[in-house]
Amino acid sequence: SVGTMLFISDDQMNGSKIWVGGYKMSSGVKPRPYVDVSFGYVFKPYLSALVSVGYGWEAYKFDDQRVATARPMTVGIEYRYGTRKFVPKAGIGVGYYVWSVLEDRKVMKDPITREELRRGNPGGYVMAGVEYFARPDLTIGGDVVGHHVFSKDIEAFPSGYAYNEDILSMKLGLKYYFVSKKKGS
């Protein structure tokens, strides 16, 4: 799947409260690409389990060299409503999220504690989307996924970037269904 992602909760990650050199920047974000690869197992036509690994980033309007990145690694379940050509779906799961803040491709540090602005934290997600069955084994689909990352650490990052993160990803993708042959068939 390919698409875009945005940090939507932490004021520093989403660009609404970034201070540079003692001045507050009007630093809204510029969405950038998000990609992920998923593998799953279909238990029934309406229920499947998925494992996904992704990577995405966003830049800030005041400085294209500063970016916030996220690498979600998730496991979840997906429920499809029906077996028609267009099939709505919903999902839920848990994951491990590696996030970082980079400037000129180097991990930034908190100015007070000198801790690198990179961590891996647990989290979870909810997903809603739709699939179009172009063939019985091939779908084209779109998903909106909301991730919540338990990354709050005010002691390590007193200067900012210290709160739980909420990430919104929007993506389009192709899904191919392999059919396993049962013994005797």
Side-chain angles (χ1 to χ4, degrees), residues 1-38 50 52-74 76 89-91 93-131 140-154 156-175:
S1 298
V2 296
T4 191
M5 62 153 257
L6 295 167
F7 286 90
I8 57 175
S9 61
D10 182 348
D11 288 341
Q12 278 80 28
M13 291 296 248
N14 73 23
S16 62
K17 275 195 179 174
I18 291 183
W19 294 78
V20 176
Y23 299 98
K24 182 178 180 205
M25 306 302 292
S26 60
S27 55
V29 295
K30 290 184 185 179
R32 293 289 189 253
Y34 176 82
V35 296
D36 77 6
V37 176
S38 298
L50 294 172
S52 295
V53 177
Y55 180 80
W57 73 96
E58 68 181 17
Y60 299 98
K61 289 182 180 174
F62 77 94
D63 183 1
D64 278 336
Q65 297 301 310
R66 184 179 294 187
V67 298
T69 68
R71 285 181 287 182
M73 295 165 270
T74 61
K89 60 184 181 172
V94 297
Y96 186 74
Y97 298 82
V98 178
W99 60 270
S100 60
V101 180
L102 310 173
E103 185 140 34
D104 200 19
R105 292 188 235 164
K106 295 180 183 144
V107 178
M108 292 179 59
K109 293 183 179 184
D110 186 275
I112 296 171
T113 63
R114 305 304 298 160
E115 287 280 336
E116 285 190 335
L117 291 167
R118 174 180 286 161
R119 287 283 194 270
N121 300 102
Y125 73 91
V126 294
M127 178 274 297
V130 67
E131 286 184 345
I140 301 166
D143 297 336
V144 175
V145 186
H147 301 270
H148 182 76
V149 184
F150 299 103
S151 57
K152 187 172 183 177
D153 193 348
I154 296 172
F157 309 119
S159 301
Y161 303 100
Y163 297 96
N164 291 331
E165 303 302 336
D166 291 314
I167 302 169
L168 180 68
S169 64
M170 296 148 286
K171 55 189 180 171
L172 297 172
L174 294 173
K175 192 180 283 184

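Keep in mind it's a predicted model, so treat the numbers as computed, not measured.
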Asker: Are the side chain of N121 and the backbone of Y97 linked by a donor-acceptor contact shorter than 3.5 Å?
Answerer: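 No; judged by distance alone, with no hydrogens or angles, the pair does not exist.
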Asker: State, with a plain yes or no, whether a side-chain heavy atom of R119 is found less than 4.5 Å away from one of D153.
Answerer: yes
Asker: Between Y96 and R71, is there a donor-acceptor pair closer than 3.5 Å when you use the side chain of the first and the backbone of the second?
Answerer: no
Asker: Using distance alone, with no hydrogens and no angle criterion, decide if D166 and S9 have a side-chain donor and acceptor under 3.5 Å apart.
Answerer: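 Present: a donor and an acceptor within the cut-off.
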Asker: Search all heavy atoms of D143 against all heavy atoms of V130 and return the closest pair with its distance.
Answerer: OD1-N, 4.4 Å
Asker: So, E58 side chain and F7 main chain: donor-acceptor pair closer than 3.5 Å or not?
Answerer: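 Answer holds: yes.
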Asker: As a test of understanding, state which of V144, D36, T4 forms a side chain to side chain contact (heavy atoms under 4.5 Å, CB included) with K171.
Answerer: D36
Asker: Could you pull out the closest heavy-atom pair between W99 and Y161, with the gap in Å?
Answerer: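 That closest heavy-atom pairing would be CH2-O, 3.9 Å.
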Asker: Given side chains that start at C-beta, do those of V101 and M13 come closer than 4.5 Å, heavy atoms only?
Answerer: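 Yes, at least one pair of side-chain atoms sits under 4.5 Å.
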Asker: Taking all non-hydrogen atoms of both residues, which atom of G54 and which atom of Y34 are closest, and how far apart?
Answerer: CA-OH, 3.9 Å
Asker: Quick check: do L174 and I140 have side-chain heavy atoms less than 4.5 Å from each other?
Answerer: yes
Asker: Looking only at heavy atoms, which two atoms of I167 and A70 are closest? And how far apart?
Answerer: CD1-CB, 3.8 Å
Asker: Out of curiosity, M108 CE to L102 CG, how far, rounded to the nearest 0.5 Å?
Answerer: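 The distance works out to 9.0 Å.
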Asker: Checking the side chain of S151 only, and the main-chain atoms of Y163 only, is there a donor and an acceptor separated by less than 3.5 Å?
Answerer: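 At least one qualifying donor-acceptor pair exists.
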Asker: Parallel, tilted or perpendicular, judged at 30° and 60°: which one describes the rings of Y125 and H147?
Answerer: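 Tilted, since the angle between the ring planes falls between 30° and 60°.
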Asker: For the side-chain hydrogen bond (donor to acceptor under 3.5 Å, both in side chains) test, which of K109, R66, Q65 pairs with E103?
Answerer: R66
Asker: Just verifying a value: how many Å separate R32 CZ and T69 OG1, rounded to the nearest 0.5 Å?
Answerer: 14.0 Å
Asker: State, yes or no, whether a side-chain contact exists between V37 and V53 at a heavy-atom distance under 4.5 Å.
Answerer: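 They are not in contact (no side-chain heavy atoms under 4.5 Å apart), so the answer is no.
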Asker: According to the interplanar angle, ranging from 0 to 90°, do the rings of F150 and H148 count as parallel (below 30°), tilted (30 to 60°) or perpendicular (above 60°)?
Answerer: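 Rings of F150 and H148: perpendicular, over 60°.
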Asker: With a 3.5 Å distance limit and no angle check, can you tell me whether S159 reaches the backbone of D110 through a side-chain donor-acceptor pair?
Answerer: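 Here the side-chain-to-backbone pair does not exist.
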Asker: How long is the gap from NZ on K175 to OG on S1, to the nearest 0.5 Å?
Answerer: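 K175 NZ to S1 OG: 7.5 Å, rounded to 0.5 Å.
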Asker: In Å, rounded to the nearest 0.5 Å, how long is the span from OG1 of T74 to CE of M127?
Answerer: 10.0 Å
Asker: Say you draw a straight line from CH2 of W57 to NZ of K30; how long is it, rounded to the nearest 0.5 Å?
Answerer: 13.5 Å
